[in-house]
Amino acid sequence: MTRTDHVSLALDWTPNTNHIGFYIARSKGFYADENLTVSVVSPHEDEYKTTPGARVADRSSTLPSLPRRAWCRTTHGRERPSPRLLPLRRSCRCKVTHAVVTLKSSGIDRPAKLDGKTYASYAARYEGRMVQELIRADGGKGDYIESVPAMLGIWNTLLKGEADATWVFMSWEGIEAARANIDLNVFAFEDFGIPLGYSPVLVAHPDLLASQPDRAAKIFVDAVAADTAHSPLPTPLDAGMVAESARFLAPMYVHEGRGVWGVMEEGVWSAFVDWLSDKGLLTTKVQSRKIGAAGKGMDADKDTTTSLDGLRSGDVGVAIPRESVPASSLFSNEFLL
């Protein structure tokens with residue numbers, strides 16, 4: 001990335017411990033050492049009408065923090081040119097901590113039981129079909145009902161009984177549920193042969209995070225409070241929850257066996273794209289929140305996007321050849337310190 005005086009970082013969600021390193025780095029003066037000023041943009045400021053990837057594409061932000069499944073679409077299989085986004089480093093985890101969850105009280109204790117149930121969706125690129133494959137991997141049909149509620153209220157739809165399942169980070173919503181004595185059934189994708197990892201991806205130095213999580217949590221809470229004074233978060237950060245989440249993540253920053261942080265392995269990306277290709281999910285059309293669950297919506301590119309129901313009915317566009325998506329083109333370790 002060309003050095004600039006100011007960098008705008010677009011978050012993939014309201015500030016949480018997935019982003020703690022950005023705030024620690026700023027507090028420790030790492031950005032100032034490089035003659036940079038860094039501002040953080042939370043999606044709640046426009047109620048997630050603009051995705052972090054879109055903010056970078058329209059140049060209103062410099063860098064995004066994104067989940068891994070959002071990267072693989074970038075330019076592959078698209079006729080029209082679009083900005084190429086390249087992951088620079090993984091945020092923190094060497095272990096996967098996101099999963100589909102249901103309430104323990106629902107009795108939906110395995111993915112196969114999601115057939116006929118309602119899943120609250122973010123309508124992310126491959127999300128709908130990945131959940132479908134999760135159900136199938138457990139012996140179900142993958143025939144679930146998809147709802148597409150307001151982005152920042154998705155977790156609450158599960159808690160209110162308006163949905164039967166959704167996708168969460170166990171390091172955030174999982175901690176929140178445990179603190180509220182809400183028992184969850186957790187369906188981890190890797191337990192059903194679906195490769196995931198490196199999500200979200202980007203930057204931060206792990207030393208303070210791994211060795212002093214409670215101090216890191218306090219710096220984070222104070223920094224977010226200052227950053228969001230002009231636009232308060234929908235739900236203020238709970239300092240106790242942040243500290244517990246930071247302790248949960250602390251042992252996950254350094255690669256087991258290699259003793260390094262931030263390095264991404266080509267094999268992890270390759271396994272994910274292989275899986276997408278093997279399951280027929282690597283296509284020119286992808287799911288879009290602009291279309292909505294029922295295939296209705298405005299301002300959507302109908303040549304490259306559709307609804308989950310559209311994908312189910314075969315409106316997938318054209319298969320993208322696996323060899324046209326080399327894993328090495330999907331990431332870079334070049335910018336690691």
Side-chain angles (χ1 to χ4, degrees), residues 47-51 53-54 66-74 76-80 82 98-102 106 108 110-158 160-168 187 189 192 194 196 272-273 275-320:
E47 297 183 354
Y48 223 126
K49 292 177 182 176
T50 310
T51 66
L66 288 178
R68 178 170 93 163
R69 60 186 180 275
W71 292 105
C72 293
R73 185 178 176 230
T74 53
H76 297 293
R78 302 191 64 173
E79 295 180 1
R80 271 168 287 187
S82 63
H98 43 113
V100 168
V101 300
T102 64
S106 71
I108 305 171
R110 55 186 300 170
K113 291 185 179 181
L114 286 173
D115 276 333
K117 303 300 184 182
T118 298
Y119 171 82
S121 174
Y122 302 87
R125 300 298 186 205
Y126 298 104
E127 179 188 2
R129 290 189 286 178
M130 291 176 71
V131 173
Q132 194 170 33
E133 292 300 328
L134 174 68
I135 296 170
R136 289 172 175 170
D138 190 41
K141 296 179 180 179
D143 293 336
Y144 65 92
I145 301 164
E146 182 188 55
S147 68
V148 186
M151 283 284 280
L152 299 180
I154 288 178
W155 168 239
N156 288 331
T157 64
L158 178 68
K160 293 177 181 178
E162 297 169 358
D164 300 299
T166 193
W167 191 318
V168 305
F187 310 141
F189 285 85
F192 295 88
I194 300 174
L196 292 178
F272 181 58
V273 181
W275 181 83
L276 290 176
S277 182
D278 291 345
K279 294 297 182 179
L281 309 188
L282 197 61
T283 60
T284 54
K285 278 199 172 184
V286 296
Q287 187 175 357
S288 171
R289 169 164 283 267
K290 290 183 178 180
I291 297 289
K296 300 177 182 179
M298 301 294 291
D299 301 325
D301 184 348
K302 298 297 180 65
D303 293 331
T304 58
T305 60
T306 185
S307 66
L308 177 60
D309 286 345
L311 293 170
R312 287 169 166 167
S313 67
D315 182 23
V316 299
V318 178
I320 300 173

Colleague: Should Val101 and Trp155 count as side-chain neighbours, where that means a heavy-atom distance under 4.5 Å?
Modeller: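 They are in contact (side-chain heavy atoms under 4.5 Å apart), so the answer is yes.
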
Colleague: Mind checking whether Thr304 and Thr284 have side chains closer than 4.5 Å, heavy atoms only?
Modeller: no

Colleague: Atom CG in Leu134, atom CZ in Phe189: separation rounded to 0.5 Å?
Modeller: 5.0 Å

Colleague: Can you pull the side chain to side chain donor-acceptor pair (under 3.5 Å) pairs that have at least one residue in residues 129-139, sequence neighbours excluded?
Modeller: Arg110-Asp138, Arg129-Thr283, Glu133-Arg136

Colleague: Where do Glu127 and Tyr122 come nearest, in terms of heavy atoms and distance?
Modeller: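 Of all heavy-atom pairs spanning Glu127 and Tyr122, the closest is OE1-N, 3.0 Å.
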
Colleague: Drop me the distance from Asp309's CG to Ile145's CD1, to the nearest 0.5 angstrom.
Modeller: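 It is 10.0 Å, given to the nearest 0.5 Å.
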
Colleague: Using 0.5 Å steps for rounding, measure from the OG atom of Ser106 to the NZ atom of Lys117.
Modeller: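 Between Ser106 OG and Lys117 NZ, I get 8.0 Å after rounding to 0.5 Å.
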
Colleague: So Val100 and Tyr119, do their side chains get closer than 4.5 Å, heavy atoms only?
Modeller: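 Sidechains of Val100 and Tyr119: in contact.
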
Colleague: Quick one: CD1 on Ile154 to OG on Ser121, what's the gap to the nearest 0.5 Å?
Modeller: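 The distance works out to 6.5 Å.
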
Colleague: Which heavy atom in Asp315 sits nearest to a heavy atom in Lys285, and how many Å separate them?
Modeller: OD1-NZ, 2.8 Å

Colleague: Do the side chain of Glu146 and the main chain of Gly128 share a donor and acceptor less than 3.5 angstrom apart?
Modeller: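 Such a contact is absent between Glu146 side chain and Gly128 backbone.
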
Colleague: Which heavy atom in Gly310 sits nearest to a heavy atom in Ser313, and how many Å separate them?
Modeller: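 Taking Gly310 first and Ser313 second, the nearest heavy atoms are O-OG, 2.8 Å.
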
Colleague: List the atom of Leu308, the atom of Tyr144, and the distance in Å for their closest heavy-atom pair.
Modeller: CD2-OH, 3.1 Å

Colleague: Which pair of non-hydrogen atoms, one from Tyr126 and one from Leu282, has the smallest distance, and what is that distance?
Modeller: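 Taking Tyr126 first and Leu282 second, the nearest heavy atoms are OH-CD1, 3.9 Å.
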
Colleague: Is the backbone of Lys141 close enough, under 3.5 Å, to the side chain of Asp115 for a donor and an acceptor to pair up by distance?
Modeller: yes

Colleague: Answer yes or no: is there a side-chain heavy-atom contact under 4.5 Å between Asp164 and Thr102?
Modeller: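 Not in contact.
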
Colleague: Please confirm whether the backbone N or O of Ala120 pairs with a side-chain atom of Thr166, one donor and one acceptor, at under 3.5 Å?
Modeller: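 Judged by distance alone, yes, a pair lies under 3.5 Å.
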
Colleague: Could you tell me which non-hydrogen atom of Ile108 sits nearest to which non-hydrogen atom of Phe187, and how far apart they are?
Modeller: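 For Ile108 and Phe187, the tightest heavy-atom pair comes out as O-CZ, 3.4 Å.
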
